[in-house]
Q: 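One structure follows; several queries about it will come next.
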Amino acid sequence: MSIYDSLNKEQKEAVMHTEGPVLILAGAGSGKTRVLVHRIAYLIDEKGVPPYNILAITFTNKAAGEMRERVDKLVGFGADQVWVATFHATCVRILRRHIDLLGYDTNFTIYDTDDSKSLMKQVFKNIGIDNKQLREKTVLGVISAAKDELIDENEFEKTASDYVEQRIAACYKEYQKLLRDSNALDFDDIIFKTVTLFKTHPEVLDNYNERFRYIMVDEYQDTNTAQFELVRLLAQKYRNLCVVGDDDQSIYKFRGANIRNILDFEENYDDAFTVKLEQNYRSTQNILDAANSVIRNNYARKDKALWSDRGSGKLLHFRQFDTAYEEAEYIADDIAKAVKKGETTYSECAVLYRTNAQSRLLEEHFVKNGIPYNLVGGVNFYDRKEIKDMLAYLRMVDNAKDDLQVKRVINVPKRGIGQTSVDKVTDYAYRNGLTFFEACETADSIPTLGAAAKKIMAFANMIRVMRASVGDYGLNGLINDIIDKTGYVKELEESDEDDAKDRIENIYELVNKIVDYEENEPDAGLSGFLEEVALVSDIDGIDDSMPRALLMTIHAAKGLEFERVYLAGCEDGVFPSYLSIACEDDSELEEERRLAYVGITRAKDEFTATYARCRMNRGEIQYNPVSRFLKEIPKELIDNRLPGERRQWTDDFASIPQKEVSVAKVKPVALTKGMGIKKADKLDYTVGDRVRHVKYGVGTVLNIEDDVKDHKVTVEFDGTGKKIMYAMFAKLEKV
DNA sequence: CGTAGTTTTGTTTTT
DNA sequence: CAAAACTACG
């Protein structure tokens, strides 16, 4: 009896094929983490590979943590020597040792998206770009995409063809310069710089080639070009590369993930050994059949079909509502009822949706029904203002070149140092080749500053003293000193804002985290703490000590499983998103379909899809047809009845032949048909007419725009002023 | 310099 | 409908 007896035939093959390139195509719920963990154990116990020579890379900290735990359990002695980490954590660890070879200090700071945006604002100022012509976000998006493709600022400049691209190239250059001046890396740099390091310093790479003789990569379908290249380099010498993934679960194309990395693995490594894991240990056959019949409509995929020996189970449920409000009400109610009946526990329930914006209504109803829940995503703990402020102080102390943090908190709490003064110091620093902080230290020599100079120097002095004392009083001492000397909490205590109390609590929560960290990692220090904070994601923070239902996007749910799953907002225009429908390229729609596949396969026993005929979006009411993905599920698998409910759309749903729907391409224009409300051919009023609205009273029509769906009417109301509304809902009457 | 009040703008998805 | 960005005033 060995630990490998519990594996099925394919799993065993995957575990025992240890040499050379291996591709494991692991369907949802097919036990891929189990396979990886057993493979690590097999390498160590049966093949005598030193744990030190094994590397396992994941995408999320949660996945890494889970694998770490299971490896520790299964392997026992030496397990801690196995390197299990995320892509980003792996690269940061490597860079902390060697990045000086690329001209950065090894105590570099990691910038999050917020920091990058602030930095880009500075870039716009420096090179004179009006943010009305070009948005920071757009430019950052282009730069990020370039970095994912390993295109640096110089190469980008060379290939920039039109004017806009040239401007972006200029931004990219300045942005990288500012990053370097601040000794900071953004998220994409972490991977990019590691690849650069390996390419420019073969001796460093060789060192890691020797170390990592056996490499395993989880969620391989989500790798982008930079990550692909990183893995290729790491594995190039011994070629013992085992990648695990599921092309049907590739849902991060928008972040640069290249599905071809997994589809073409066998071409890139022509001696690759491939195993398919198709037996699912998670869901009932009905749920799998539904998922299979949806994903079957995708073109770009490797053929496979999940099966289960768990039996067919219950039917999937489909529930329709007039409004998103009723939808949320039903879901909350249904969970509450099921828990009351003892059918499930809160922690076995999850509500999934396409966009974070949908969480609000659900949350409201969960509160109303007293259901304990956790919202994953939305505002991350570390994204709260007060936490970011505290972190800015910490980061400022940690990295003297990080001007961004200095600017963030120089007037938080209020010290009477306004924007004008900050601009003057920035200007002075720029002209004299100083960092912003250095300029602050010598503020008295900036003539135009006047009374503010004294205040600025006092601030600089405070930070200097803190920096000098970190070594003496440790992290806990530092954070308390910051709270004390800045008077941040004091200001909150005296404030009469209603969320002041929460914020103070959050700050003390951060103090707790710091104390915890210091106890667990006594040698890591401030940089270590900040690094950990920079690399955590939303999903990592889930506290599963309490039984709580989870609300999250489908993206966030990848890799998780629940007894009961609710998929909310199953509407064409919401899921699949409007953009993916309108887009010419059907690869967008295929990505959405994979998302649907991920959503459905999260469920073990019960799956409920809900649909709201109309919902509020961006202050406008939207009417949407039932999601095309639901129509791809054979109707025998779905229980589609709800006693006492209206059946109008039910019939519509059932009457559409399955085949026709899955093959037919429904163009967005066609979608507006059959929606129940038709656009009026002609309105009985025109520009300049006086009209009456039920709520706003009488006004003058300023403009009428002919949209695809409806006429967009602008009216200047006598009482309330200008309003833009759709003719079909506004029901305006000529007077 | 700080604020309150006003206008504008935006939505996928996130390591 | 919010949040963010702007504007005008004390």
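In what follows, chains carry the letters A, B, and so on, assigned in the order in which the sequence lines appear, proteins first and then strands, with residues in each chain numbered from 1. Side-chain atoms are counted along with the backbone in the values below, which use heavy atoms only and exclude waters and symmetry mates.
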Q: Answer yes when A:R594 and A:D248 have at least one side-chain N-carboxylate O distance shorter than 4.0 Å, and no when they do not.
A: no

Q: Extract from the structure each pairing of a protein N or O with an N or O of nucleotides 2-5 of chain C at less than 3.5 Å, listing the distance.
A:
{"unit_1": "C:dA5", "atom_1": "OP1", "unit_2": "A:K121", "atom_2": "NZ", "d": "3.4"}

Q: More than 12 heavy atoms of other residues, nucleotides or ligands under 6.0 Å from NZ of A:K385: yes or no?
A: yes

Q: Holding to side chain to side chain contact (heavy atoms under 4.5 Å, CB included), I want the full list of residues that pass it with A:N261, two or more places apart in sequence or in another chain.
A: A:Y220, A:T223, A:F228, A:N258

Q: Tell me if the aromatic rings of A:F59 and A:F87 count as close, with their centers under 6.0 Å from one another.
A: yes

Q: When the P atoms of B:dT11 and C:dC6 are compared, how many Å lie between them, rounded to an integer?
A: 15 Å

Q: Please pick, from B:dT15, B:dG2, B:dT14, the nucleotide with the shortest atom-to-atom distance to any side-chain atom of A:T60.
A: B:dT15

Q: How is the base pairing of DNA chain B summarised as a dot-bracket string, given the Watson-Crick and G-U wobble criteria with both distances under 3.5 Å, [ ] for crossing and | for another strand?
A: ||||||||||.....

Q: Of the listed nucleotides (B:dT11, C:dC1, B:dT15), which one gets closest to any side-chain atom of A:H88?
A: B:dT15

Q: Nearest-Å distance, OH (A:Y220) to C1' (B:dT15)?
A: 17 Å

Q: Remember a base hit wins even if backbone is also touched, and classify A:T113 as base, sugar-phosphate or nothing at under 4.0 Å, heavy atoms.
A: nothing

Q: Closest to the A:N617 side chain: B:dT14, B:dT15, B:dT11?
A: B:dT11

Q: Could you check A:D188, A:D152, A:D186 and say which one makes a salt bridge (Lys or Arg N to Asp or Glu O under 4.0 Å) with A:K147?
A: A:D186

Q: Salt bridge check, A:E493 against A:K490: does any charged N sit closer than 4.0 Å to a carboxylate O?
A: no

Q: From the options B:dT13, B:dT11, B:dT15, select the nucleotide whose nearest atom is closest to the side chain of A:K137.
A: B:dT11

Q: Below 6.0 angstrom between ring centroids: does that apply to A:Y373 and A:H365?
A: no

